[in-house]
Amino acid sequence: AQFILNAMQRYGRSRVNPNIPDVNTDWYDQITRQALITSHSIGITGGGEKATYAVGANYFGQEGILDMKNEYERFNIRTKLDFEATDWLKVGTNMVLSNATRYDPEGSAWRVAYFAVPIMPVFDPNNAEFAPTNYASATDLGYRGDQNPFHLLNFSENRLKIRNVLANVYAEISITDKLKFKTAYNHNLETIEGRNVRLPFDTSNENDYERPISTITKQNITNSNQIWDNTLTYKNLFGKHDLTILLGTSFRDESSELLRAQGSGFPSNEEAFYLDQATAFEDPADGGRREFGLSYFTRVAYNFDGKYLLYGTFRADGTNKYQEKWGYFPTVGVGWVVTGEEFMQNNGVFDFLKLRASWGELGNDKVPSSEGSITSQVVETALGDIRFSGLNTSSDFTALKWEVTEEINVGLTARLFDNNLSVEADYYVRDTKDAVIPVERPLIPGVTRQNVGEIRNSGFEVALDWTKRVSNDFS
């Protein structure tokens with residue numbers, strides 16, 4: 001009740017109900033806005049018998065709903081070229097250039113607005129000491145906290161400049177009419193320049209919401225992902241036999257670098273939002289990582305008379321992330337097109353029916369690399385009123401190997417009722433072995449990651465699709 005009386009004394013009484021203040025602030029309505037999305041694209045395509053090309057550009061802009069500098073803007077340019085240089089050589093390239101600027105919202109403003117009292121306005125003309133803007137403060141009504149989210153909105157800025165280059169080049173050589181070699185190189189290069197600015201403000205009250213000094217955090221991140229694939233494909237069709245054999249290699253190189261620093265005590269105008277304008281520095285960080293892998297793989301697919309299908313694959317995957325560098329993963333599968341048999345002709349139910357089954361293993365290296373260190377810590381204890389010092393040493397090394405997912409799958413593909421109904425049905429059992437999970441060890445401080453997890457997923461998956469053509473113009 002005292003808070004209500006303080007608000008009526010400071011902001012006046014309501015003309016409708018004199019027992020309540022003349023203030024009823026909807027804080028979520030105050031901090032949000034209508035946001036627009038804009039997108040424009042233009043493209044040109046062309047070519048002839050030997051070459052085709054495509055060039056395009058796109059602009060995309062989106063405003064955020066939080067009423068601050070909260071928006072996203074991106075400009076893309078894309079190009080694609082395919083050229084048949086000779087009867088046996090085909091080359092091509094495609095590239096996407098992207099330049100984006102993103103101003104992230106100040107997420108803590110949502111929480112402050114949630115707890116903000118409605119008996120307080122956004123601005124308070126009586127609060128002349130609030131610098132640089134006379135925002136209202138709940139501390140003037142007797143509350144502990146400021147509860148006004150607008151100083152977080154207007155005195156904070158979170159900017160990201162994201163530049164991305166995605167390039168691909170390839171060459172395909174027809175050694176014979178049955179044997180082809182293809183090499184392809186892909187590079188995804190991304191740079192992220194982050195700048196978080198916190199400007200000073202004062203509510204004229206000694207509480208946690210005062211920000212006495214300006215701070216700026218600059219962070220530059222460079223991510224690089226390179227892939228070089230080479231495949232040799234043999235394809236032969238003779239009589240009722242259809243055979244495809246593929247041999248290939250794949251090299252992957254992923255790296256990331258980070259440089260971060262924080263400064264404080266710079267002028268509040270945007271022209272001074274640089275570290276060299278700061279008077280003090282702290283929290284420098286400079287780090288990076290590099291991970292690479294090499295894979296050898298082969299695939300054999302055999303089809304007899306369009307009815308009996310057999311395929312198998314084998315992969316040897318290597319990575320520098322684990323102590324166990326190499327993993328070996330086979331897969332086999334069979335299929336039977338039942339409707340290709342004579343006894344299924346004119347069966348009156350199935351237009352197409354294929355039964356299939358497969359078993360295979362696949363390695364997963366999308367987990368953090370092996371790491372570790374030996375740590376020592378001085379500990380003290382008292383025995384008989386005498387203090388003794390000791391040394392506690394622990395090892396947190398993680399010796400990891402490949403996670404392996406083994407899956408068994410049986411299913412069918414069918415089309416019925418003049419091909420209007422399509423059915424995909426599968427039953428699968430998927431076991432993940434040697435899953436990497438964090439483990440707490442007894443009597444040893446800290447957590448280490450180990451290949452001790454086992455996960456099973458199993459179940460049925462059914463997909464139904466109905467398509468009916470009513471006429472030539474409507475389906």
Side-chain angles (χ1 to χ4, degrees), residues 52 80-94 166-188 225-254 292-320 325-337 340 354-366 402-411 413 424 426 428 430:
T52 59
K80 187 176 188 298
L81 174 65
D82 294 300
F83 177 59
E84 190 174 336
T86 67
D87 293 338
W88 54 269
L89 176 61
K90 183 178 180 181
V91 295
T93 180
N94 63 75
L166 179 59
N168 165 269
V169 293
Y170 76 90
E172 185 177 284
I173 301 173
S174 298
I175 302 173
T176 68
D177 60 342
K178 298 181 177 62
L179 186 63
K180 292 184 178 181
F181 172 76
K182 183 176 182 180
T183 181
Y185 172 76
N186 300 268
H187 192 185
N188 186 355
N225 185 4
Q226 302 180 76
I227 300 176
W228 182 29
D229 293 331
N230 296 278
T231 57
L232 183 66
T233 304
Y234 172 81
K235 185 174 179 60
N236 192 8
L237 180 62
F238 51 100
K240 296 183 178 181
H241 306 276
D242 187 352
L243 177 65
T244 301
I245 302 175
L246 180 142
L247 300 174
T249 65
S250 179
F251 175 75
R252 306 171 302 281
D253 186 343
E254 300 180 13
F292 53 88
L294 178 64
S295 297
Y296 300 96
F297 51 90
T298 181
R299 185 177 190 272
V300 178
Y302 173 73
N303 179 337
F304 177 74
D305 199 21
K307 295 184 292 184
Y308 309 109
L309 314 175
L310 174 67
Y311 72 88
T313 65
F314 184 81
R315 296 184 61 92
D317 293 324
T319 179
N320 71 327
K325 304 299 183 184
W326 288 93
Y328 305 94
F329 311 107
T331 299
V332 293
V334 294
W336 178 26
V337 181
K354 180 172 72 173
L355 305 179
R356 44 188 165 76
S358 64
W359 170 89
E361 292 183 336
L362 187 63
N364 175 37
D365 65 343
K366 303 304 180 183
W402 284 84
E403 285 188 358
V404 180
T405 298
E406 179 185 16
E407 181 170 343
I408 299 176
N409 181 291
V410 293
T413 299
E424 294 277 351
D426 292 271
Y428 67 92
R430 185 181 302 121

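Heavy atoms from other residues, nucleotides or ligands lying under 6.0 Å from CZ of Phe292 number 12 at most. Applying the 6.0 Å contact sphere to NZ of Lys240 captures no more than 12 heavy atoms from other residues, nucleotides or ligands. Taking a 6.0 Å sphere around NZ of Lys90, one finds it holds 12 or fewer heavy atoms contributed by other residues, nucleotides or ligands.
Smallest separation of non-hydrogen atoms from Asp426 and Gly411: OD1-CA, 3.9 Å. The two atoms that bring Ala357 and Val410 nearest to each other are CB-CG1, 3.8 Å, heavy atoms only. Of all heavy-atom pairs spanning Asp317 and Ser295, the tightest one is OD1-OG, 2.6 Å. Closest approach of Thr319 and Trp402 over heavy atoms only: CG2-CZ2, 3.5 Å. Closest approach of Val91 to Ala171, counting heavy atoms only: CG1-CB, 4.0 Å. Closest non-hydrogen pair, Leu232 versus Phe181, comes out as CD1-CB, 4.0 Å.
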- Task: Starting from the C-alpha separation in whole Å, work towards a yes-or-no answer on side chain to side chain contact (heavy atoms under 4.5 Å, CB included) for Phe329 and Val404.
- Result: CA-CA 8 Å; Phe329 311 107; Val404 180; 3.9 Å; yes
- Message: Is there a side chain to side chain contact (heavy atoms under 4.5 Å, CB included) between Lys235 and Asp242? Walk through the geometry before answering.
- Response: CA-CA 8 Å; Lys235 185 174 179 60; Asp242 187 352; 3.5 Å; yes
- Task: Run the numbers on Phe314 and Phe297 for side chain to side chain contact (heavy atoms under 4.5 Å, CB included), then give the verdict.
- Result: CA-CA 6 Å; Phe314 184 81; Phe297 51 90; over 6 Å; no
- Query: Going through the checks in order, is the side chain to side chain contact (heavy atoms under 4.5 Å, CB included) test met by His241 and Asn236?
  - Reply: CA-CA 8 Å; His241 306 276; Asn236 192 8; over 6 Å; no
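At least one side-chain heavy atom of Arg356 sits under 4.5 Å from a side-chain heavy atom of Asn409.
Atoms CG and OG1, on Leu246 and Thr231 in that order, are 5.5 Å from each other to the nearest 0.5 Å. Rounded to the nearest 0.5 angstrom, Asn188 CG and Leu166 CG are separated by 5.0 Å. To the nearest 0.5 Å, the span separating CG on Leu294 from CZ on Phe251 amounts to 7.5 Å. Annotation: the span from Thr244 atom OG1 to Tyr302 atom OH amounts to 12.0 Å, rounded to 0.5 Å. Rounding to the nearest 0.5 angstrom, the gap separating the CZ atom in Arg252 from the CD1 atom in Ile227 is 7.5 Å. Atom CD of Glu407 and atom CG of Leu362 lie 9.5 Å apart (nearest 0.5 Å).
Trp228 and Thr249 share no side-chain donor-acceptor pair at under 3.5 Å. One side chain, Gln226 or Tyr185, offers a donor N or O that lies under 3.5 Å from an acceptor on the other.
Considering Leu179, Leu89, Thr86 in turn, Leu89 is the only one that fulfils the side-chain contact (heavy atoms from CB on, under 4.5 Å) rule with Ile173.
For residues 169-182, every residue pair satisfying the side-chain hydrogen bond (donor to acceptor under 3.5 Å, both in side chains) rule, not counting sequence neighbours, is listed here: Asp82-Tyr170.
Tyr311 pairs by the side-chain contact (heavy atoms from CB on, under 4.5 Å) definition with Arg299, Ala301, Thr331, Ser358, not counting sequence neighbours.
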